[in-house]
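Hydrogens, waters and symmetry mates play no part in the numbers below; they use all other heavy atoms, side chains included. In this chain, residues are counted from 1 in sequence order. Every number for a ligand or one of its atoms is a count from 1 in the order of the listing.
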Amino acid sequence: MAKMWAGRFKKDVDNKVNDFNSSISFDSVMYKVDILGSIAHSKMLAKQGIINEEESNLIVDELNNILNDIENGNLSFDYEAEDIHMFIEKELTTRIGDVGKKVHTARSRNDQVALDIRMYLKENIQELIYLLKNLCNVLCNISQDNLHTVMPGYTHLQRAQPITFAHHIMAYAQMFIRDIDRLKDCYKRTNVMPLGSGALATTTHNIDREFVCQLLNFQEITKNSLDSVSDRDFCIELANDIAMIMMHLSRFSEEIIMWCSWEFKFIELDDAYSTGSSIMPQKKNPDIAELVRGKAGRTIGNLNTILCMMKGLPLAYNKDMQEDKEAIFDSVNTVKVCLETFTAMIENMTVLKENMKIAANKGFINATDCADYLVKKGIPFRDAYKITGELVLYCIENNKTLEKLSLQEYKSYCQLFEQDIFNDIDLLNCVTKRNISGGPSPEQVQIQINDIKKQIL
Ligand code: ARG
């Protein structure tokens with residue numbers, strides 16, 4: 001097939017080289033933004049008198065036709081084409097003849113591709129923010145139903161202190177709120193319009209970059225043409241933000257997997273979000289959560305791919321940069337499907353409150369509260385800590401819990417214990433009394449929920 005750049009060459013490109021060089025198999029997803037970019041560019045060319053009104057109208061109308069034809073399935077991509085930009089320009093020229101050849105006036109694929117990726121990622125960042133808000137909303141609802149669901153809080157995966165399921169769930173909501181914030185920040189730097197930078201040094205035509213910027217709804221134009229065509233920082237930032245989201249989803253998945261094991265049984269996943277085993281009839285596996293955890297790996301890999309690809313490149317555009325797309329598109333697609341599936345999965349899970357309570361009743365998670373009881377009676381914390389430690393050892397050796405000890409037994413360790421110790425080590429009381437900003441008391445968690453609900457409006 002004759003290339004758009006055929007003039008300088010005596011031979012056709014080798015077929016294998018053509019395949020190796022081609023990006024249309026993965027950059028065709030940018031067909032719409034590519035067309036919208038070309039429409040804005042053509043309108044600007046006419047406004048500036050670089051092409052005439054009639055030519056511009058012809059180009060714009062046909063570009064719209066091409067867009068419709070692709071969307072209606074009447075035009076399929078030619079995978080012989082070098083990339084989506086060449087494909088659309090060639091299609092335009094096939095359809096309207098010589099006028100089509102004018103669309104690329106005062107433009108290079110280098111600024112064109114930079115524009116397209118930015119437009120494509122802007123849409124996707126908005127979508128990711130929407131999906132994250134949706135997830136946060138589900139987390140708020142789960143928490144609202146579990147303000148008083150006592151469970152053990154863990155450190156080192158050892159039962160540590162009593163918290164509520166709501167508090168645990170809202171910890172994840174905080175992570176996803178930070179993720180939204182990071183995406184909004186990334187959006188700012190993606191929302192800068194590079195077209196008009198040309199191959200590297202703009203153009204001698206009297207173009208109006210601000211006009212294109214307005215037409216395409218960008219915040220501002222890029223400030224240096226070399227930087228504009230060689231910058232992929234926004235891809236790296238987004239790849240990082242996505243890797244972070246996936247890392248958060250992966251940690252959450254790990255807990256979901258543990259919680260639905262027989263060892264924990266804190267939750268039960270809906271059948272629609274679990275799978276069976278091909279050999280073991282009793283099995284119900286948390287495959288969705290495991291896949292999310294697994295897929296986090298590839299998004300971290302994608303971040304590395306782009307960073308490594310960029311780190312040695314001289315200014316300005318180098319073909320290496322074509323490698324940005326598969327990585328960032330894969331990250332975007334992966335996080336989108338993970339967010340959607342994960343959100344539906346937890347929205348439909350059953351919280352086994354009773355089992356959490358049973359677990360909370362074992363493991364002496366109110367030992368700190370017992371020590372604090374003595375501190376409030378005037379005993380220095382270190383001494384109170386030691387007395388409580390001895391009490392715990394006594395319980396272990398006699399197969400008892402702090403709740404089950406008699407006041408007599410308490411008093412044999414310290415005379416200051418009175419009947420009200422049982423009130424102070426009651427698990428729900430232990431949680432309710434941690435009524436400190438950011439704490440697990442139902443009142444404080446309610447504040448968190450209200451705050452996050454407001455942020456995701
Ligand atoms: N397909 C290329 C890319 O995705 C287009 C950019 C321009 N190519 C070029 N040889 N100057 O990066």
Exercise. With a 3.5 Å cut-off and no angle check, do the side chains of Lys336 and Asn124 form a donor-acceptor pair?
Worked result: yes
Exercise. Any sub-3.5 Å donor-acceptor pair from Arg251's side-chain atoms to Met247's backbone N or O?
Worked result: no
Exercise. Salt bridge check: are Lys16 and Asp19 linked by an N-O gap of less than 4.0 Å?
Worked result: no
Problem set entry | Gln444/Thr432 under side chain to side chain contact (heavy atoms under 4.5 Å, CB included): CA gap, chis, key distance, verdict | CA-CA 9 Å; Gln444 293 299 332; Thr432 309; over 6 Å; no
Exercise. Looking at the rings of Tyr187 and Phe234, which for Trp means the six-membered one, are their centres under 6.0 Å apart?
Worked result: no
Exercise. Is Lys265 reaching over with its side chain to a backbone N or O of Cys260, donor-acceptor style, under 3.5 angstrom?
Worked result: yes
When you pair each N or O of ligand 1 with protein N or O atoms, which pairs come out under 3.5 Å?
unit_1, atom_1, unit_2, atom_2, d
ligand 1, 1 (N), Ser23, OG, 3.1
ligand 1, 1 (N), Asp83, OD2, 2.9
ligand 1, 1 (N), Gln322, OE1, 2.7
ligand 1, 4 (O), Lys325, NZ, 2.5
ligand 1, 11 (N), Asn110, OD1, 2.8
ligand 1, 12 (O), Tyr317, OH, 2.6
ligand 1, 12 (O), Lys325, NZ, 3.4

